[in-house]
Structure formats: structure tokens, C-alpha cells
Engineer: 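There's a structure below that I have some questions on.
All values below were derived from every heavy atom in this structure, side-chain atoms included, with hydrogens, water molecules and symmetry-related copies excluded. On a predicted model such as this, the values are computed, not experimentally measured, just so you know.
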Amino acid sequence: MEDHRERLLRKDSIWIETGREGQELDAGSATGKSLGVFTSGGDSQGMNSAVRAVVRMGSFLGCKVYYIKEGYQGMVDGGDHIAEASWASSSGIMQKGGTVIGSARCADFRQRAGRLKAAKNLIDKNITNLVVIGGDGSLTGANLFRQEWNSLLDELKATDRITDEQRKNCSHINIVGMVGSIDNDFCGTDMTIGTDSALHRIIESVDSISTTASSHQRAFVLEVMGRHCGYLALVAALATEADWVLIPECPPDHGWEKTLCKKLSAEREMGLRLNIVIIAEGAIDIDGNPITANMVKDLITNELKYDTRVTVLGHVQRGGKPTAFDRILGARMGAEAVLALMDAKPDTPACVVSLDGNQTVRVPLMECVERTKSVQEAMNKKNFQEAVKLRGKSFQNNLATYLRLSKLRPPKVMCDPTGQVCSSGKKLAVMNIGAPACGANAAVRSFVRFALTKGYTVLGIHDSFDGLLYGDILRAVEPVKPIGWTDVHGWTSQGGSLLGTKKCTAARYGLDKVAEKLKEHDISGLLIIGGFEAYHSALQMAEARSKYDAFCIPMVVIPCTISNNVPGTDFSLGADTALNEIADVSNNVPGTDFSLGADRALNEIADVSNNVPGTDFSLGADTALNEIADVSNNVPGTEFSLGADTALNEIVDGRLQKGEDKALTKYSISVIESNNPTGTKRRVFIVEVMGGYCGYLATMAGLAGGADAAYIYEDPFNITNLRDDVVHLKNKIIQLGVQRGLILRNENANANYTTDFIHQMFSEEGKGSFTCRKNVLGHMQQGGVPSPFDRNYGTKMASKAVDYMITKVEENTTEDGKMKSCTKRFCKELRGITDFEKRLPKQQWWLALVRPLLRIMTKHSNETYRADAILSKVDFEDDDNA
């Protein structure tokens with residue numbers, strides 16, 4: 001077998017070593033080794049997930065793992081600051097923000113005397129492997145510590161503070177780092193731990209501010225973190241349709257003040273009621289002079305006389321629970337960090353575990369640190385183009401995309417703002433097919449605006465094929481009509497599908513009828529945004545090109561479904577939002593690490609139900625109603641869900657009757673019994689999630705929620721597996737003192753082992769150890785506000801779709817304006833990788849990785865660690881006391 005260390009890739013001058021996610025590792029294979037984990041520098045959401053993964057992967061391999069509390073200060077102080085970690089001690093921390101083992105600045109460690117104390121304290125515990133989670137300063141300190149290690153040992157031995165045996169046993173120290181920083185300012189990784197959560201905090205704030213700004217026709221200037229890096233400001237501006245963004249890597253040209261005021265004034269004249277300017281705290285002008293939020297506020301107030309307010313988000317961006325992505329990212333990086341330490345030899349350079357696309361990799365620590373510093377050096381020299389380039393391709397693409405989308409209107413030579421008169425004379429069309437999922441509207445907005453800037457008219461097809469074929473009969477408004485530049489303003493933040501969508505394929509309507517309508521509207525290219533039905537429809541039309549010339553046009557599908565079951569892609573729009581919806585619902589009950597559901601525990605309902613004689617209101621009733629309201633309004637396309645009023649009346653009655661759970665879950669309201677605030681009840685939750693036959697959502701949500709098992713169709717299970725999981729839960733709850741268990745089941749996991757069956761079996765077999773509750777989350781998983789990832793991903797995918805379509809249109813248009821015959825060369829390949837009966841790809845990248853890792857994280861120690869070397873942006877962890 002080829003050694004993974006030899007699989008080196010070259011990327012932007014940094015050597016990348018593929019991680020060990022695709023290899024096997026037996027339990028106990030590193031018995032006798034010790035390692036320490038600590039967090040240093042500024043905290044970030046997701047650090048706890050990384051700490052938990054280090055503890056559990058280390059324990060799985062047989063290592064003795066130590067917490068080093070309060071960062072480098074704890075290493076210097078020693079004593080109780082270096083404490084052995086146990087499986088149970090890492091329970092219940094994943095869903096928490098910050099770092100539970102503490103982080104502190106340490107002046108002592110900057111001096112050799114302090115590092116000498118730290119070395120002595122580590123040797124006393126026989127710790128020769130360190131995992132450091134922090135920024136570039138923390139990583140640089142760790143590398144210096146490693147370089148000095150031998151001289152520190154020599155000094156300790158010379159003063160008889162360590163023995164010859166200790167000197168021999170601890171002759172070297174290995175370092176592996178993980179970058180925990182909300183700024184995403186570290187070169188060598190696509191995303192740092194905490195960035196996604198910080199973006200969530202920013203976008204939640206901007207979305208909230210937008211409503212009050214629009215009400216009063218105000219302008220808002222929001223300052224976000226990023227003293228040396230504008231990533232947060234840039235991506236937030238892209239995801240919130242901000243009017244202007246100021247970042248240190250790309251300062252505005254001279255006269256920017258006049259340009260800004262002119263744009264904001266023109267927007268007001270067009271009828272827009274609010275203006276949003278996002279500024280990074282380190283923003284500068286072209287001469288390197290600072291630009292502050294108050295400067296921008298004074299400019300708008302003095303020049304335009306607009307009511308302008310400043311909001312400085314500050315440390316709010318660091319706070320709150322981590323997102324699903326950061327939990328999974330921390331878990332993956334933590335597991336890989338331990339594997340990297342176990343592979344290390346005495347002369348192995350310090351490395352950083354990073355994310356490259358959807359794969360965890362190892363990169364040289366100091367190369368990354370030096371490149372990160374070179375960005376600031378380029379900015380100091382006012383070489384801003386080089387600074388942007390050094391940030392990487394993702395940063396460059398985000399910046400280019402924002403600059404194109406944020407224009408006031410399309411170029412006059414290309415198209416008028418209404419989108420009806422365009423220079424090319426050609427029309428592209430966009431439609432949604434399938435169930436609604438977040439991110440679709442962001443993709444439509446991006447597609448429309450990019451196409452208009454290229455001189456192409458965009459036709460919006462409402463209600464899928466219903467609108468295309470029968471819209472004139474079914475709708476009072478025109479079902480297929482041009483979409484203008486301002487028509488899509490504000491679409492990015494909207495969930496569901498504003499164009500309307502239906503779950504049906506083209507063949508069901510009749511390919512001849514669809515072709516006739518496409519020809520009638522003279523459509524030269526078609527974008528379909530949707531799930532498996534969208535993919536299948538495009539395939540059906542492509543295969544029928546020999547019969548219908550109308551299908552000889554470029555057709556592009558942007559996968560958009562929470563199920564993530566579209567062949568040919570790793571990620572679908574909507575899946576990230578759905579995972580975060582599940583994670584959000586899972587943190588609402590006091591005294592637990594998770595409580596998937598909307599209201600409080602059944603045993604608390606009597607207190608909350610407002611049925612105490614002699615009073616009009618009971619403490620807790622308002623909270624319960626708000627919890628239900630939060631969940632019941634997540635169903636796309638409705639302000640209220642059927643069943644919500646019935647559920648409220650049941651609570652007021654103070655009792656839940658037999659069969660109620662079925663009625664509630666039918667309408668997307670999850671009722672889960674929880675413990676009281678002191679956490680004395682021992683409960684196992686059986687939760688059903690959506691996904692059709694695809695287990696992606698159940699598996700990833702299981703990793704994010706610390707589930708004990710996730711039952712899916714692709715990984716067959718039987719009664720023996722169910723029995724073993726009951727035994728595992730009993731042992732975990734009784735022996736480790738963990739109060740909660742979580743079992744996830746995909747809705748079509750098994751026709752016989754239904755959610756009801758599993759609930760009844762666990763309830764019966766768990767008697768005396770735990771009680772069981774069952775929940776079906778339903779369509780709430782499709783609702784909510786799109787996550788930053790889905791907004792950004794949809795925007796950039798639509799940009800690529802426009803470029804591809806226009807290239808193909810221009811390549812295949814004859815002199816008489818007609819399209820050449822198109823080939824079907826991809827159709828056979830696509831059919832070969834698709835299971836049409838179960839609506840699944842035949843190969844799914846996440847199966848080999850996440851399944852065993854989920855088991856390892858929950859102490860199924862008989863498992864062998866196997867993982868695909870291809871991983872996902874969507875990775876998370878525990879809300880449970882797993």
C-alpha cells in the first residue's frame with residue numbers, strides 16, 4: 001500500500017499532505033502514548049468540538065489524553081491545570097460556544113524561563129504529543145517550543161529536575177495544530193474553526209437590522225471583526241446584498257466617498273427604503289489610512305441627510321453555539337490531528353490540519369504562518385492585488401462575485417434594468433423543480449443579474465412545468481416573463497422558492513408539450529434549480545434532443561434539496577440550512593445538551609400549561625408558546641402550520657392523550673420529553689429526519705448532534721444491531737452517568753424497522769435504565785432562513801451556470817441564429833451512476849467516512865476506523881451528552 005506521506009500535492013506554493021481519513025486504524029493501536037490538547041488565543045465556536053474529538057479519537061487509539069487548561073498559562077503553571085481527560089468529561093461540550101478548557105494570554109511562555117517550566121510540567125505527565133488549537137501566534141509559539149525542546153531537556157537534566165529515564169522517554173515532542181479563528185485569516189486552509197458560526201451571527205444581525213432600517217428608511221453602517229482580514233465582511237456583504245463593503249485587502253479608490261453617496265442616492269430614487277454598508281474593523285483607503293464606521297456614518301449623514309446609525313457587532317460574533325458546519329469541522333480536524341501525531345516521527349515537522357475543498361489535509365505549520373504574514377506585508381506595501389491573490393482563490397471569487405452583483409444596474413450597452421431589451425437578443429430561462437429548499441432564491445438572483453450584465457434576457461418560469469404549460473389558465477399574472485434587475489432585490493435572504501416549485505418530472509407532463517413551450521418562448525438556455533426531479537427532468541430532456549430541437553440548448557441543474565441525493569455533486573443547496581435547523585431545535589431545553597423538539601418536557605407541561613387555579617398566567621407558559629411558535633413557523637410558504645393550534649390547546653389542557661405524538665409530528669411540531677432543570681431524568685430520543693432514501697441528513701445530523709446511532713437505508717441494519725445499540729446505551733447511561741441518548745432514523749431506512757418499532761423496542765428493552773421518546777421533525781427541516789453557506793454557494797453556482805450557458809450558446813449558434821445539434825455524451829454516464837428507483841447516486845462520498853467516525857465518537861470501541869479521503873463542508877458534532 002502506498003504510504004500516505006508520499007501523496008503530496010502542490011497548491012499555491014504550500015505542500016499539502018493528504019490526511020488519513022481513507023485508511024484503517026484499529027482500536028488500541030497507540031496504547032502507551034500520551035498527548036495533551038489546549039486552546040490558546042481568541043476563542044471561536046467549534047473549539048469544543050475539536051477538543052472532544054481529540055479526546056475520543058485518542059481514547060479509541062489507546063492514548064492517555066490530558067486537558068491543558070487556560071492555554072499556555074496552564075502549561076506553565078502545571079498542577080491541576082494539566083488534568084487527565086475521560087470519555088465522560090468530554091460529553092456535553094460540543095454544542096457550547098467558546099472553549100470549556102479555557103484560553104489565556106501568557107506573557108510567561110514568551111520567555112525561555114516560562115517554556116522551561118512548561119517542559120517540566122509536560123515531562124512529569126509523560127506528554128510528548130501536543131494538539132494546539134488557536135491562531136497563527138499560538139501555532140508559532142508551539143513550533144518554537146518544539147525547536148527548543150532538546151535544549152530545554154538538557155537544561156532540566158543539568159539541574160537534576162528530570163531523571164535520565166525521563167530525558168530518554170521524552171526525547172522529542174510532536175506538534176499538530178488546528179486553526180481556531182473567526183476571521184478565516186490563515187493561509188493554507190479553506191475555512192478555520194469558528195468562521196461559519198461568526199458569519200451566522202453577522203447575518204442574523206443584518207437580517208434583523210434590515211427590517212427596522214426599511215421601516216424608517218434608514219441607512220446602517222455595521223462594523224464586523226477583521227482587523228487584518230476582510231473575509232467576514234466580504235462574505236456577509238455577499239450573503240446580505242449589502243450596498244457597500246469596505247475591507248483591508250481591497251480598499252476603495254480615491255473619490256470613493258462621492259461614489260458611495262451617488263449609489264445610495266440612486267437606490268433611494270429607485271424606491272429602496274434601506275441602505276446597508278458593512279465595514280471590517282481594519283478597513284483602510286487606498287493610501288492606507290483607516291476608515292471607521294463613524295466616518296462612513298458622518299459622510300452619509302452630512303452629504304445625503306439620511307438618518308444613519310452605526311452598529312458595532314464586536315464580540316457577539318464570537319458568541320453563541322457553533323453551527324453544524326463548525327461542529328463537524330472541529331470533529332474531523334480533531335480526529336485527523338490525533339492520527340497525524342500518531343504518524344509523526346521525532347524529526348517530523350510541525351503541521352496544521354486544514355481543509356482543502358472537502359478533504360482534511362496536513363500542511364507545514366511554518367509555511368502557512370509565513371504566507372499568512374506575507375498578506376499583511378503586501379498590504380503594508382500597498383500591493384493590494386497581491387494581498388487578494390495571497391488570500392486564495394475562494395477569497396478572489398467572493399470579491400469578484402460581490403463586485404458584479406452589487407452594481408446599481410446592468411451596463412446600459414448590455415441591457416435595460418427591466419431585462420426586456422438586451423444586446424444579445426437571446427433569452428435564458430430559470431425554473432425551480434422539486435421540494436423547496438433554502439438557497440434557491442439566492443441562486444435565481446445571481447443568475448438573473450449575471451445574465452443581464454452579459455446582455456441576455458432572463459425569463460422566470462413560475463410554478464415549474466405547471467406555469468410553463470398551463471400558467472395562462474392557472475395564474476392571473478403572466479407565468480413566464482422577463483425578470484428585471486431590481487425584481488430580485490432582497491431574494492438572497494428568503495427561504496423557500498419565490499418562483500414557485502412542483503415535484504414532478506418533465507416526462508410526466510409530456511416532453512412534446514415542454515419542447516413546444518420552450519420553442520414558443522424562444523429559450524436559448526435553461527437553468528433548473530431543484531432536487532432529484534430537476535436532475536431527472538434535465539436528463540429526460542437531454543436524451544430527447546434527437547426528437548425535439550427545442551431541447552438542443554445548454555441546460556444546467558443547480559442541485560437544491562435538503563436530501564443531498566443528486567448524482568454528480570457532493571453538496572446540494574438547502575442541506576446546510578436543514579442541518580442547522582435540526583441543530584437549533586436540539587438545544588432548547590434547560591439541563592440537557594440537546595432536546596430535539598419545540599416545547600418543554602411532558603413532565604413539565606403541567607407547570608407550564610397555565611392551568612393553575614387562581615391565576616391567569618403561570619411561569620413558563622410564555623416560553624413554551626414561543627418555543628412552539630419558533631418551530632411551527634418554519635414550514636415554507638406559510639405563516640402557520642395545521643396542527644399548531646391543536647397542540648397549544650392540548651398544552652393548555654395540561655395533558656397529552658394517547659396518539660397525540662403522531663398528530664403533532666404529522667404537522668412538523670416535535671414534542672419531546674426532557675428532564676427537569678437539574679437533569680435527573682435518563683432519556684433516549686428516537687428522532688426521524690427527512691431525506692427520502694438518502695441517509696446524508698441523518699448521518700451528518702448524527703455526527704453534529706453526537707447521536708449514538710443513525711439508521712439509514714444505505715447501511716442495512718437488523719435486530720441484532722438494534723439490540724447492540726440498546727446495550728450500548730444502557731452501559732453509557734449507567735456506567736458513565738450520561739443522562740441522554742440520541743438515535744436518528746432516516747424516514748425510509750427500513751420498511752419493517754420503523755420509527756414506531758424502534759421506539760417501542762428501546763422503550764421495552766431500556767426499562768429500568770432509561771425511558772424513550774419519539775419525534776418526527778417533518779417539514780420544519782425545509783424552512784427557516786438560508787444559512788450563509790447556502791446563500792454563498794447558490795450565488796456562486798449560478799454565476800458559473802451563466803458563464804457555462806453563454807459560452808455554449810455562443811459556440812453552438814449558427815450564422816442564421818439557430819442552435820447546432822447538441823450531443824448526449826453525458827447522458828449514458830449520468831444514468832450509469834444513478835439509482836432511479838431509490839432516487840440516489842450509486843456512490844456517495846460520505847458513507848465510508850462518517851459512519852465509523854460517528855461510532856468512534858460515541859464509544860462503539862469495537863469499530864475499525866475507516867474513512868473516505870473525500871469529506872464535506874458539512875461536518876459537525878454533538879448536542880447530546882454522547
Engineer: Between M555 and M805, does the side chain to side chain contact (heavy atoms under 4.5 Å, CB included) criterion hold? Intermediate values first, please.
Structural biologist: CA-CA 7 Å; M555 291 181 284; M805 274 191 193; over 6 Å; no
Engineer: Can you name the closest pair of heavy atoms from A534 and I433 and give their distance?
Structural biologist: N-CG2, 3.9 Å
Engineer: Please walk me through it: do N564 and L697 pass side chain to side chain contact (heavy atoms under 4.5 Å, CB included)?
Structural biologist: CA-CA 8 Å; N564 198 34; L697 197 60; over 6 Å; no
Engineer: For the backbone of C560 and the side chain of S572, can you confirm whether one donor and one acceptor N or O come within less than 3.5 Å of each other?
Structural biologist: no
Engineer: Verify, without hydrogens or angle tests, whether S214 (side chain) and T211 (backbone) share a donor-acceptor contact under 3.5 angstrom.
Structural biologist: no
Engineer: How far apart are the closest heavy atoms of G496 and A440, and which atoms are they?
Structural biologist: O-CB, 4.0 Å
Engineer: Taking the side chain from R445 and the backbone from W491, do they hold a donor-acceptor pair closer than 3.5 Å?
Structural biologist: no
Engineer: Under 3.5 Å, is there a donor-acceptor pair between the side chain of N812 and the main chain of K808?
Structural biologist: yes
Engineer: Of the non-hydrogen atoms in T569 and Y793, which two are nearest, and what is the gap between them?
Structural biologist: OG1-OH, 4.1 Å
Engineer: Do you see a donor-acceptor pair shorter than 3.5 Å between the side chains of Y535 and T834?
Structural biologist: yes
Engineer: For R404 and T453, indicate whether the former's side chain and the latter's backbone hold a donor-acceptor pair under 3.5 Å.
Structural biologist: no
Engineer: More than 12 heavy atoms of other residues, nucleotides or ligands under 6.0 Å from CZ of R508: yes or no?
Structural biologist: no
Engineer: Please check if any side-chain donor atom of T492 sits under 3.5 Å from a side-chain acceptor atom of E241, or the reverse.
Structural biologist: yes
Engineer: Do the side chains of N580 and H200 get nearer than 4.5 Å, heavy atoms only?
Structural biologist: yes
Engineer: Which one of L459, I529, I528 satisfies the side chain to side chain contact (heavy atoms under 4.5 Å, CB included) criterion with V430?
Structural biologist: I529
Engineer: What's the shortest heavy-atom distance between L527 and A801, and which atoms?
Structural biologist: CD1-CB, 4.1 Å
Engineer: Testing the 3.5 Å rule here: is there a donor-acceptor pair between the side chains of T501 and N432?
Structural biologist: no
Engineer: Output, in order, the C-alpha distance, side-chain angles, deciding distance and verdict of side-chain hydrogen bond (donor to acceptor under 3.5 Å, both in side chains) for S493 and D207.
Structural biologist: CA-CA 8 Å; S493 62; D207 288 347; 4.6 Å; no
Engineer: I need the Y711 OH to E688 CD distance, nearest 0.5 Å.
Structural biologist: 14.0 Å
Engineer: Between T259 and W244, is a side chain to side chain contact (heavy atoms under 4.5 Å, CB included) present by the stated rule, with each step listed?
Structural biologist: CA-CA 10 Å; T259 305; W244 200 276; 3.8 Å; yes
Engineer: Any side-chain to backbone donor/acceptor pair from N746 onto N748? Under 3.5 Å, distance only.
Structural biologist: yes
Engineer: Can you tell me if R745 uses its side chain to pair, donor with acceptor, with the backbone of V689 under 3.5 Å?
Structural biologist: no
Engineer: After noting the C-alpha distance and the side-chain angles of D576 and S787, does the key distance pass the side-chain hydrogen bond (donor to acceptor under 3.5 Å, both in side chains) rule?
Structural biologist: CA-CA 7 Å; D576 186 66; S787 69; 2.6 Å; yes
Engineer: Output, in order, the C-alpha distance, side-chain angles, deciding distance and verdict of salt bridge (charged side-chain N to carboxylate O under 4.0 Å, His left out) for K513 and E516.
Structural biologist: CA-CA 5 Å; K513 296 177 182 178; E516 181 182 350; over 6 Å; no
Engineer: Consider side-chain hydrogen bond (donor to acceptor under 3.5 Å, both in side chains). Of K263, Q217, E267, which one does N275 pass it with?
Structural biologist: E267
Engineer: Could you check K519 against D549 for side chain to side chain contact (heavy atoms under 4.5 Å, CB included), going step by step and ending with a plain yes or no?
Structural biologist: CA-CA 8 Å; K519 191 170 185 179; D549 291 341; 5.7 Å; no
Engineer: Would you say L840 and E714 make side-chain contact, with heavy atoms under 4.5 Å?
Structural biologist: yes
Engineer: Between P841 and Q844, is any pair of side-chain heavy atoms under 4.5 Å apart?
Structural biologist: yes
Engineer: Might you point out which heavy atoms bring N398 and L234 nearest each other, and give the distance in Å?
Structural biologist: CB-CD2, 3.8 Å
Engineer: Relative to the ring of Y713, is the ring of Y693 parallel (under 30°), tilted (30 to 60°) or perpendicular (over 60°)?
Structural biologist: perpendicular
Engineer: Run the ring-ring contact (aromatic ring centres under 6.0 Å, His included) test on W845 and F571 for me, step by step, so that the C-alpha distance in whole Å, both residues' side-chain angles and the decisive distance to 0.1 Å come before the verdict.
Structural biologist: CA-CA 10 Å; W845 58 268; F571 304 107; 5.6 Å; yes
Engineer: Treating Q781 as the side-chain partner and M690 as the backbone partner, does any N or O pair qualify as donor plus acceptor under 3.5 Å?
Structural biologist: yes
Engineer: Would you say the side chain of V802 lies within less than 4.5 Å of the side chain of Y456, judging by non-hydrogen atoms?
Structural biologist: no
Engineer: Hey, are the side chains of K427 and V458 touching, using non-hydrogen atoms and a 4.5 Å cut-off?
Structural biologist: no
Engineer: Looking only at atom types and distance, does a side-chain atom of S524 sit under 3.5 Å from a main-chain N or O of L428, one as donor and one as acceptor?
Structural biologist: no
Engineer: Using 0.5 Å steps for rounding, measure from the NZ atom of K800 to the CD1 atom of I558.
Structural biologist: 11.0 Å
Engineer: Could you tell me which non-hydrogen atom of A443 sits nearest to which non-hydrogen atom of A798, and how far apart they are?
Structural biologist: O-CB, 3.1 Å
Engineer: Ignoring hydrogens and angles, tell me if any N or O in the side chain of D463 forms a donor-acceptor pair with the backbone of G500 under 3.5 Å.
Structural biologist: no
Engineer: Enter the distance from M700:CE to W846:CH2 here, rounded to the nearest 0.5 Å.
Structural biologist: 8.0 Å
Engineer: Establish, from distance only, whether the side-chain atoms of D416 and T418 form a donor-acceptor pair under 3.5 Å.
Structural biologist: yes
Engineer: Within this structure, what is the NZ-CD distance for the pair K454 and E810, rounded to the nearest 0.5 Å?
Structural biologist: 8.5 Å
Engineer: Which value, rounded to the nearest 0.5 Å, describes the distance between F532 atom CZ and R839 atom CZ?
Structural biologist: 6.5 Å
Engineer: How long is the straight-line distance from CG of L405 back to NZ of K796, given to the nearest 0.5 Å?
Structural biologist: 11.5 Å
